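Notes for the one structure printed next.
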Number of protein chains: 2
Amino acid sequence: MAGHGARGRSGGRPTLEEVAARAGVGRGTVSRVINGSPRVSDATRAAVEAAVAELGYVPNTAARALAANRTDAIALVVPEPETRFFAEPYFSDMLKGVGAELSETEMQLLLIFAGSDRERRRLAQYLAAHRVDGVLLVSVHADDPLPDMLSQLEIPAVISGPRSAAETLASVDSDNFGGARSAVEHLLSRGRRSIAHITGRLDVYGAQRRVDGYRAALRDAGHEVDEQLIEAGDFTEEGGRRAMAELLRRRPDLDAVFAGSDVTAAGARQVLREAGRRIPDDVALVGYDDSAIARHMEPPLTSVRQPIEEMGRAMIDLLLNEIADRRPAASRGLDRHQVVLATELVERASS
Amino acid sequence: MAGHGARGRSGGRPTLEEVAARAGVGRGTVSRVINGSPRVSDATRAAVEAAVAELGYVPNTAARALAANRTDAIALVVPEPETRFFAEPYFSDMLKGVGAELSETEMQLLLIFAGSDRERRRLAQYLAAHRVDGVLLVSVHADDPLPDMLSQLEIPAVISGPRSAAETLASVDSDNFGGARSAVEHLLSRGRRSIAHITGRLDVYGAQRRVDGYRAALRDAGHEVDEQLIEAGDFTEEGGRRAMAELLRRRPDLDAVFAGSDVTAAGARQVLREAGRRIPDDVALVGYDDSAIARHMEPPLTSVRQPIEEMGRAMIDLLLNEIADRRPAASRGLDRHQVVLATELVERASS
DNA sequence: ATCACTTGTGGGAGCGCTCCCACACTACCT
DNA sequence: AGGTAGTGTGGGAGCGCTCCCACAAGTGAT
């Protein structure tokens, strides 16, 4: 017996070779047809396609992956527990964009949660085995080792929300600076003059950019920035309450608040109410994210919308380019791939 | 030059062969160590493991898949659009159980949405290419061609919620019969005598079983079943309203309602209120699913809880067995693999 | 001592592709 | 006529594993 040569014969899935025999051509030619190479005559192509159809041929992915050294799969890595993934519409919107953009291609999307340490180790193993051609990274914290690991393994990756202005990975972001600026400009145009800002977690780059945008809007309008009106929050409701109380103590005369997130705004709103301030009559309130909270708040919250679905699409675009570029040892690091998408101010009754 | 032999050499990932050379053993031996075969001496095993560690060897999945004809991946197929997946806690709970059970193994989980026709076609192609070793099917409609396709392709599959009593696929279900019976027994024990039932969609097997359980509970308690007290619903809120109105018209004296789902119960509750019936004083109400709706209803709804997370775990157990069994052309179809898990009645103020 | 197992090991063959070289042909220039 | 490209095609080699056969060496019963 020659090895295990007969394994899986007899009625198994047809192979390239069998298609070639049926079409009366060579293996290489069938491969070219399957992969859409232009160097095939129309007659031959038709013959091969007929054979493929008759035999119900479907390429063996494992063989292709082995020979071509690629997997035709990319991973969306969520460094959070499943629970948060389902709780936040952010991920669902992002996934929608990613899925839509990917449906044009042959790429398979894998969704990988890496919330626990255990899961992180599994993921590391998984990536080390190069089981995907590229990685989409969402909601990565500043000190996460994941991005560096990906660089080390030379796996193409795109991050949503760069970790800093010096981000080395390809990244997609919304225009935090512009979004914050438009929120403040909106408040100014409504005649507000004493506009406070409750920031997000300042170790998140996007939160820093929002502070920058806040400052820029004021300065561009000829106002000077009063540091007393800026108080650090952390994206949470509790943080919003704390910061609002502090701001109210320091500057009881403030007439507007721009919060770093909708959740923060919800906390601020509560404190404002308790202090007897009416919204928007006494104090105008603007949030960030345009989440469900914003729509359901009383009064409905003006908020800055980020185009999350489009961000997902853009991430796929970038990633597919990275993957394609890598094939013929491309001009790496020449042009940095950073995409920034515009935000939109959604005006509601709170301002 | 011999072919493209040098491709990927120089600093590429180490191969089995290199590990073997380093450890001073043959290829076969390394393979045995990697795959945990017991037929290796302790000394040799240690030497190989050292070499693996030194070289940072990680097996090439594609090569393994090609040689062994398996993929080490299973798919969780959701024949719904992403939106519903995120909206319903059912999926999130199930995923939690599946993930937990799978984390013990080397299997990779793929999440595949097949809501649209386009996505369905892609899925069919995907499955035909045998890109997974097994499939988990959730929330499948009675007339879905997917299960048959899987049988045809001889891909191991487990379905959550059998399509009928004659389900051929391995399946995991909660005890719909017992759940319904315990709900009705509960109402009887509370002194209710005229207990109505709003069914789920009767083309869903689980809904039929609930009706059976309802009947059995009444009969076992020595009551005869009044068909006038059974009205078909469809799991929706609107269906609940319609059915409740009808029941109230037919039997204005009813003093309890067992609804086929919490959502249905919500619809029924609304109609009861409008008819001036107090819950639970005039009419007791029990739902099914123990969803968030149940907890937040006014008054909180007594409901039958299904152990969804455990169902996820059980599905993985079954599927892994199916996959293992299939390898050596096993005794197929002898014992049908049907698991039924117990439900639990969660009593709240509505009954 | 002989036979029969058992245990551990090496390595050939093969999984089904892609890549690339070689080789026909054809077409168009000198 | 000879050269030089360009097109289409066939098929060898190799991707990195697993499977299995062959065989060495040890162990015990006869």
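Reminder, nothing fancy here: chain letters follow the sequence lines and each chain counts from 1. The basis for the numbers below is simple: all heavy atoms, side chains too, and nothing from hydrogens, waters or symmetry mates. Predicted model only: the values in this text are computed from it and were never measured.
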Is there a side-chain contact between [X] and [Y] in this structure, where contact means two heavy atoms from C-beta onward sitting under 4.5 Å apart?
| X | Y | answer |
| --- | --- | --- |
| B:Val98 | B:Arg313 | no |
| A:Ile112 | B:Gln108 | yes |
| A:Thr44 | A:Ser41 | yes |

Using whole Å, report how far [atom1] of [X] lies from [atom2] of [N].
| X | N | atom1 | atom2 | answer |
| --- | --- | --- | --- | --- |
| A:Leu16 | C:dT18 | CG | C1' | 9 Å |
| B:Asp42 | C:dG8 | CG | P | 9 Å |
| A:Asn69 | C:dT18 | CG | P | 13 Å |
| B:Arg70 | D:dC19 | CZ | P | 7 Å |
| B:Glu18 | D:dC15 | CD | P | 11 Å |
| B:Glu17 | D:dG14 | CD | P | 13 Å |
| B:Asp72 | D:dC17 | CG | P | 14 Å |
| B:Asn35 | C:dG8 | CG | P | 17 Å |

Work out how much the helix from C:dA1-D:dT30 to C:dT30-D:dA1 bends between its end axes, five pairs an end, to the nearest 10 degrees.
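It works out to 50° between the end axes.
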Kindly state each residue pair satisfying salt bridge (charged side-chain N to carboxylate O under 4.0 Å, His left out) with at least one member in residues 25-45 of chain B, sequence neighbours excluded.
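Pairs touching residues 25-45 of chain B that pass the test: none.
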Pairs touching residues 53-65 of chain A that satisfy salt bridge (charged side-chain N to carboxylate O under 4.0 Å, His left out), sequence neighbours left out:
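Counting only pairs at least two positions apart or across chains, the salt bridge (charged side-chain N to carboxylate O under 4.0 Å, His left out) contacts touching residues 53-65 of chain A are A:Arg22-A:Glu54.
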Taking the ring centre of each residue, are A:Phe86 and B:Phe85 less than 6.0 Å apart?
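Yes, close enough.
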Which of the following nucleotides, [options], is nearest to the side chain of [X]?
| X | options | value |
| --- | --- | --- |
| A:Arg64 | C:dG16, D:dG10, C:dC17 | C:dC17 |
| B:Asn60 | D:dG16, C:dG8, C:dG16 | D:dG16 |
| B:Leu66 | D:dC17, D:dC15, C:dC15 | C:dC15 |

Taking N or O atoms only and anything under 3.5 Å, show me the protein contacts with nucleotides 25-27 of chain C, one pair per line.
none

Got a sec, which residues hit salt bridge (charged side-chain N to carboxylate O under 4.0 Å, His left out) with B:Arg163, two or more places apart in sequence or on another chain?
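With sequence neighbours excluded, B:Arg163 shows a salt bridge (charged side-chain N to carboxylate O under 4.0 Å, His left out) to B:Glu167, given in chain and number order.
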Applying salt bridge (charged side-chain N to carboxylate O under 4.0 Å, His left out), can you list everything that pairs with B:Arg131, at least two apart in sequence or on another chain?
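None.
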Apply side-chain contact (heavy atoms from CB on, under 4.5 Å) to B:Ser31 and list each qualifying residue two or more places apart in sequence or on a separate chain.
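Once residues adjacent in sequence are excluded, the partners of B:Ser31 under the side-chain contact (heavy atoms from CB on, under 4.5 Å) criterion are B:Leu16, B:Asn35.
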Who are the side-chain contact (heavy atoms from CB on, under 4.5 Å) partners of A:Ala62, not counting sequence neighbours?
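Per chain and number, A:Ala62 pairs via side-chain contact (heavy atoms from CB on, under 4.5 Å) with A:Asn60, B:Ala65, B:Leu66.
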Show me the donor-acceptor pairs, under 3.5 Å and distance only, between side chains in residues 137-146 of chain A and residues at least two apart or in other chains.
residue: A:Ser139; atom: OG; partner: A:Glu80; partner atom: OE2; Å: 2.8
residue: A:Asp144; atom: OD1; partner: A:Arg120; partner atom: NH2; Å: 2.8
residue: A:Asp144; atom: OD1; partner: A:Leu146; partner atom: N; Å: 2.7
residue: A:Asp144; atom: OD2; partner: A:Arg120; partner atom: NH1; Å: 3.4
residue: A:Asp144; atom: OD2; partner: A:Arg120; partner atom: NH2; Å: 3.2

Let me confirm one number: the CG-CG distance from B:Leu95 to B:Leu111, rounded to the nearest 0.5 Å.
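Output value for this atom pair is 6.0 Å.
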Nucleotides 4-7 of chain C: which of its N/O atoms have a protein N/O under 3.5 Å away?
residue: C:dT7; atom: OP2; partner: B:Arg39; partner atom: NH2; Å: 3.3

Can you list, by residue number, the residues of residues 22-31 of chain B that have a non-hydrogen atom closer than 4.0 angstrom to DNA chain D?
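Per residue number, the list reads B:Arg27, B:Ser31.
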C:dT9 phosphate, OP1 or OP2, under 4.0 Å from B:Ser41 side-chain N/O:
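For C:dT9, OP1 or OP2 has a side-chain N or O of B:Ser41 closer than 4.0 Å.
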Taking OP1 and OP2 of C:dC17, is either one under 4.0 Å from a side-chain nitrogen or oxygen of A:Thr61?
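No, outside the criterion.
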Side chain A:Arg32 and base D:dG10 donor-acceptor under 3.5 Å
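Indeed there is one.
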Report yes or no: does B:Gln338 contribute a side-chain atom to a donor-acceptor pair with the main-chain N or O of B:Ser171 at less than 3.5 Å?
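Pair found, side chain donor or acceptor close to backbone of B:Ser171.
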Would you give me the side-chain donor-acceptor pairs under 3.5 Å for residues 148-158 of chain B, sequence neighbours excluded?
residue: B:Ser151; atom: OG; partner: B:Pro147; partner atom: O; Å: 3.2

